[in-house]
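Take a look at the structure below.
The model shown is predicted, which means the values in this text are computed figures rather than measured ones.
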4 protein chains.
Amino acid sequence: MTAEFKTSKPIYRQIAERIIQQFVRGEIQTGEKLPSVREMAIQSGVNPNTIQRTYGELERMGVIETKRGQGTFMTEKAEVKRRLRVSIQQEMIHQFIQNMRGIGVKDDEIIKVVEQFLNEGSEDVD
Amino acid sequence: MTAEFKTSKPIYRQIAERIIQQFVRGEIQTGEKLPSVREMAIQSGVNPNTIQRTYGELERMGVIETKRGQGTFMTEKAEVKRRLRVSIQQEMIHQFIQNMRGIGVKDDEIIKVVEQFLNEGSEDVD
Amino acid sequence: MTAEFKTSKPIYRQIAERIIQQFVRGEIQTGEKLPSVREMAIQSGVNPNTIQRTYGELERMGVIETKRGQGTFMTEKAEVKRRLRVSIQQEMIHQFIQNMRGIGVKDDEIIKVVEQFLNEGSEDVD
Amino acid sequence: MTAEFKTSKPIYRQIAERIIQQFVRGEIQTGEKLPSVREMAIQSGVNPNTIQRTYGELERMGVIETKRGQGTFMTEKAEVKRRLRVSIQQEMIHQFIQNMRGIGVKDDEIIKVVEQFLNEGSEDVD
DNA sequence: GTGGTCTAGACCACA
DNA sequence: GTGGTCTAGACCACG
């Protein structure tokens with residue numbers, strides 16, 4: 001695996017966001033076991049401490065649960081997943097709209113340029 | 001003035017973005033003189049070093065020009081403003097689309113939720 | 001049964017404390033036979049190792065006794081029960097007082113707030 | 001300074017609790033500057049990383065605020081202090097009562113034994 | 001100077 | 001085996 005990381009954002013957070021994305025997209029199931037700290041560290045090519053931090057952050061968010069000596073698991077509460085998806089999406093949109101307004105783009109223009117952007121191309125889906 | 005700053009993003013960058021926004025929106029004219037480093041530092045309630053950095057960043061972007069002994073000015077090249085506006089806007093949209101796809105939102109849904117968000121309300125225009 | 005456990009405290013200790021509580025409250029009699037390690041493990045929904053540890057801890061405290069080939073029993077010494085109750089109680093009070101003093105609550109206030117707390121309500125008796 | 005730490009509880013949490021206690025008791029004022037991470041590490045005789053963690057925890061609780069490049073400060077919101085004191089106290093009492101009930105002590109007895117404990121002596125105020 | 005992140009390596013408690 | 005804590009030491013961005 002050994003993904004690469006943007007230098008601007010902390011690695012531990014990038015990994016956390018990646019996990020959340022996979023969870024929200026359904027690539028990780030609720031209640032599913034995550035790789036152990038050490039395992040994930042190797043997969044991601046980082047130090048175990050960094051993963052520890054990632055998992056810690058996610059646990060505080062209620063996204064994962066750690067069971068002593070057994071490993072860490074995605075939360076089993078499906079409701080968390082729903083809530084997560086909605087709030088993240090809303091936050092993204094809100095941020096985007098605010099940014100666009102910030103540079104003087106009118107609301108009706110926003111729709112237009114987004115549509116235009118989507119039509120023009122860019123098959124890159126991350 | 002003494003604005004407040006989000007703790008997550010570097011202050012010098014927040015100020016830089018604010019200036020660019022004002023420029024792109026036409027609140028600052030091309031060729032207009034900017035406050036001196038000290039003056040701006042006082043206005044913003046931050047350390048002069050921070051403004052120094054802001055101006056440095058903006059100069060590297062070609063957005064401002066410093067004339068020895070006269071002060072710092074917004075670039076006079078109207079073309080820069082145009083280019084700036086387009087590239088920033090494209091970057092915002094690109095980032096937004098990528099984020100939305102990241103959490104599994106299909107392209108045709110993106111348009112919908114944006115429209116919905118704009119209609120639903122939020123009179124706060126920054 | 002399959003009780004749930006607080007994640008903050010070791011499971012083996014939580015179970016030990018539960019047994020001691022039941023003993024001190026008279027729900028378990030002196031000399032009474034305890035479930036086997038396996039049995040208890042199933043009842044509690046935990047790993048037998050964990051119960052092993054619980055029993056080991058309790059034995060070191062002199063609260064239970066294991067008779068080879070017969071099983072594990074609550075101690076028959078009634079005196080242990082008495083001593084246990086007193087020492088646990090004292091320890092709890094001592095800890096509590098110390099905590100309250102730690103945040104600056106004066107001794108005469110402690111009594112008051114406890115009384116107040118008891119009167120105010122909370123029918124939840126564990 | 002170089003205090004000693006109980007082995008059972010994480011050092012970073014013990015330090016956090018000590019700071020909170022001092023804050024609630026008024027030994028640290030709202031808005032007061034705390035020692036830098038390195039400074040505090042030396043004072044406490046631990047690794048800077050440990051203090052980093054302490055400060056991180058406290059910041060998440062809203063007890064302290066970090067200002068980039070300037071240091072970390074006790075929150076200026078006096079309301080946090082009040083809320084903190086009340087909630088900590090309530091939690092302590094709740095825990096205590098629950099413990100006492102757990103070993104079969106009746107409510108009216110609880111008051112008595114606490115009073116008795118306070119009268120009997122123990123001038124040790126930590 | 002400040003806090004923030006990361007690595008390497010170790011030890012521990014727990015299941 | 002698992003996660004949790006801690007140290008030592010390094011580098012970086014920020015003000």
Query - Of the listed nucleotides E:dC6, F:dG3, E:dA15, the one nearest the side chain of A:R38 - result: F:dG3

Query - Complementary nucleotide for E:dA8 - Watson-Crick or wobble, under 3.5 Å - result: F:dT7

Requested in this report: Answer yes or no: is there a donor N or O on one side and an acceptor on the other, between the side chain of A:S44 and the main chain of A:M40, under 3.5 Å?
Outcome: yes

Query raised in the report: Roughly, in whole Å, what's the span from CD1 in A:I42 to P in E:dG9?
Result: 13 Å

Query raised in the report: According to a strict under-4.0 Å criterion, is D:T50 in side-chain N/O contact with OP1 or OP2 of F:dC6?
Result: no

Report summary line: note: D:I51, atom CD1; E:dT5, atom P; distance rounded to Å ~ 17 Å

Report task. When you get a sec, tell me which of F:dT7, F:dT2, E:dA13 is the closest nucleotide to the side chain of C:R53? Result -> E:dA13

Query raised in the report: Starting at CZ of D:F73 and ending at C1' of E:dG1, how long is that distance when rounded to a whole Å?
Result: 12 Å

Requested in this report: Measure from the side-chain N and O atoms of B:E65 to the backbone N and O of B:G62, and report whether any donor-acceptor pair falls under 3.5 Å.
Outcome: no

Report summary line: Quick note, D:N49 side chain, CB onward, closest among E:dT7, F:dG15, F:dA8 is F:dA8

Report task. Check D:K77, D:K81, D:R83 against D:E79 for a side-chain hydrogen bond (donor to acceptor under 3.5 Å, both in side chains) and give me the one that passes. Result -> D:R83

Query raised in the report: DNA chain E: C:R13 or D:Y55, which has the more 5' nearest nucleotide?
Result: D:Y55

Query raised in the report: Between E:dT2 and D:S36, is there an OP1 or OP2 to side-chain N/O distance shorter than 4.0 Å?
Result: yes

Query - Rounded distance (Å) that lies between atom P of E:dG3 and atom CD of D:E39 - result: 10 Å

Requested in this report: Find the distance D:L34:CG to E:dG3:P and express it as a whole number of Å.
Outcome: 9 Å

Query raised in the report: How close or far is atom P of E:dC14 from atom CZ of C:F5, stated in whole angstroms?
Result: 14 Å

Query raised in the report: Which nucleotide in the set E:dC14, E:dG4, E:dC6 lies at the smallest distance from any side-chain heavy atom of A:I11?
Result: E:dC6

Query raised in the report: Do D:Q52 and E:dG4 have a side chain to base donor-acceptor pair shorter than 3.5 Å?
Result: yes

Query raised in the report: When the distance from CE of D:M40 to C1' of E:dG1 is rounded to whole Å, what number comes out?
Result: 18 Å

Query raised in the report: Of the nucleotides F:dT5, F:dG15, E:dC6, which one has an atom closest to the side chain of B:N47?
Result: F:dG15

Report task. Would you classify B:V46 as touching base, sugar-phosphate or nothing, given that sugar-phosphate means primed atoms plus P, OP1 and OP2, and contacts are heavy atoms under 4.0 Å? Result -> nothing

Query - Separation of atom CD in D:E57 from atom C1' in E:dG4, rounded to whole Å - result: 17 Å

Requested in this report: Starting from the 5' end of DNA chain E, give me the residue, D:P35 or A:R68, whose nearest nucleotide shows up first.
Outcome: D:P35

**Report entry** Any B:Y12 side-chain N or O less than 4.0 Å from OP1/OP2 of F:dC14
**Finding:** yes

Query - Under 3.5 Å: donor-acceptor pair, side chain of D:R13, backbone of D:T54 - result: no

Query - N/O donor-acceptor pair under 3.5 Å between A:R38 side chain and A:P48 backbone - result: no

Report task. May I ask you to check whether B:Q21 and B:E17 show a side-chain donor-acceptor distance below 3.5 Å? Result -> no

